[in-house]
Amino acid sequence: LTVKYTDALDANGHLDELRQDTGTISVGNTGVVEIAADTLTGHPVTLRLTDTDLNTNSGAVDSVDVTVTNNATGETETLGLIETGPNTGEFTGQLPTTNAVGAGTADDGNMNTQGGQTLTVKYTDALDANGHTDQLRQDTGSISVGNTGVVEIAADTLTGHPVALSLTDADLNTNSG
């Protein structure tokens with residue numbers, strides 16, 4: 001974009017001086033929405049959306065809603081993702097899930113899931129990098145069943161002595177960090 005202006009009389013006494021400036025008008029940024037690739041049923045599903053256009057206040061943490069659908073049951077949940085900090089354009093959130101048969105109540109903040117089902121997260125990108133408006137962005141993740149736990153008692157424990165027990169179940173590791 002170029003703007004031109006003829007200054008009839010500038011500060012130096014010159015007449016009819018041409019003033020101009022050129023700038024670029026940018027379109028939006030193409031957003032990306034992601035759902036965790038694999039989540040255990042009964043555990044929260046992690047969601048992430050990156051779209052700098054959604055950073056509407058550079059001095060504050062913004063939020064944006066996404067819709068998550070259980071493709072097997074049709075249950076939907078609207079989840080507010082929170083910007084990771086002021087002016088980042090990155091939004092995250094977690095949707096709790098319950099291991100349950102059938103659809104739960106829509107928009108109650110919890111998704112009923114079972115192993116083998118898939119979830120789809122969607123949002124509408126108002127303006128992408130190509131200047132297109134109202135573009136659907138989505139991603140799909142799967143729900144898996146738990147791991148089989150193993151409990152063991154040490155063989156040949158004598159009466160009056162401590163019993164050695166061992167429990168192994170990867171599902172119990174809820175904080176892998």
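Below, each value reflects all heavy atoms present in this structure, side chains not excepted, and no hydrogens, waters or symmetry copies. Start at 1 with the first residue, then count along the sequence.
Judged as a salt bridge (charged side-chain N to carboxylate O under 4.0 Å, His left out), not a single pair has a partner in residues 59-68 (not counting sequence neighbours). Among residue pairs with one or both ends in residues 86-99, those qualifying as salt bridge (charged side-chain N to carboxylate O under 4.0 Å, His left out) are Arg48-Glu90; sequence neighbours excluded.
Annotation: side chain to side chain donor-acceptor pair (under 3.5 Å) contacts of Ser58 (sequence neighbours excluded): none. Applying the side chain to side chain donor-acceptor pair (under 3.5 Å) test to Asn55 and every residue at least two apart in sequence or in another chain returns Asn87. Partners of Thr41 under the side chain to side chain contact (heavy atoms under 4.5 Å, CB included) rule, at least two apart in sequence or in another chain, are Asn99, Thr113, Ile143. Evaluation of the side chain to side chain donor-acceptor pair (under 3.5 Å) rule for Asp107 yields Thr78 as partners, not counting sequence neighbours. In this structure, the side chain to side chain contact (heavy atoms under 4.5 Å, CB included) partners of Val150, at least two apart in sequence or on a different chain, are Glu152. Qualifying side chain to side chain donor-acceptor pair (under 3.5 Å) partners for Thr168, counting only residues two or more places apart in sequence or in other chains: none. Residues satisfying the side chain to side chain contact (heavy atoms under 4.5 Å, CB included) test with Ser63, not counting sequence neighbours, are Ile82. Residues meeting the side chain to side chain contact (heavy atoms under 4.5 Å, CB included) test with Thr69, sequence neighbours left out: Thr67, Asn71, Thr76.
A donor-acceptor pair is defined here as one N or O able to donate and one able to accept, closer than 3.5 Å; no such pair exists between the side chain of Thr118 and the backbone of Ser142. Of the possible donor and acceptor atoms, one in the side chain of Asp125 sits under 3.5 Å from a partner among the backbone N and O of Gly31. For the pair Glu83 (side chain) and Gly89 (backbone), a donor-acceptor distance under 3.5 Å is present.
Using a 3.5 Å distance cut-off with no hydrogens or angles, the side chains of Asn29 and Thr52 do pair a donor with an acceptor.
Closest approach of Pro86 to Gly59, counting heavy atoms only: CB-C, 4.0 Å. The two residues Asp51 and Phe91 have their closest heavy-atom pair at O-CE1, 4.0 Å. Across all their heavy atoms, Lys122 and Leu136 have their closest contact at CB-CD1, 3.9 Å. Across every non-hydrogen atom of Pro96 and Gly109, the tightest pair is CD-O, 3.4 Å. Of all non-hydrogen atoms in Gly104 and Glu75, the two that sit nearest each other are N-OE1, 2.7 Å. Nearest approach of Gln117 to Gln114, heavy atoms of both residues: OE1-N, 2.9 Å.
We find the CG-CG distance between Asp134 and Leu127 to be 9.5 Å, quoted to the nearest 0.5 Å. To the nearest 0.5 Å, atom OG1 of residue Thr98 and atom CG of residue Asn112 are 5.5 Å apart. Here the CG-OG1 distance, from Leu49 to Thr92, works out to 10.0 Å after rounding to the nearest 0.5 Å. Atom OG1 in Thr39 sits 11.5 Å away from atom CE in Met111 (nearest 0.5 Å).
Here Leu165 is tied into one hydrophobic group with Ile153, Val163, each link being a pair of ILVMFWY side chains closer than 4.5 Å.
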- Should Leu47 and Leu81 be marked as a side chain to side chain contact (heavy atoms under 4.5 Å, CB included) after you check the CA-CA gap, both sets of side-chain angles, and the distance that decides it? CA-CA 8 Å; Leu47 303 149; Leu81 303 183; 4.0 Å; yes
| field | Worked check of side chain to side chain contact (heavy atoms under 4.5 Å, CB included) between Thr30 and Gln135 | value | CA-CA 9 Å; Thr30 299; Gln135 298 297 300; over 6 Å; no
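Leu119 and Leu40 fall into different hydrophobic clusters, where Ile, Leu, Val, Met, Phe, Trp and Tyr side chains are chained together by heavy-atom contacts under 4.5 Å.
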Listing, residues 11-21 side-chain donor-acceptor contacts under 3.5 Å, not counting sequence neighbours, or none:
{"from": "His14", "atom 1": "ND1", "to": "Asp10", "atom 2": "OD2", "distance (Å)": "3.4"}
{"from": "Arg19", "atom 1": "NH2", "to": "Asp10", "atom 2": "OD2", "distance (Å)": "2.6"}

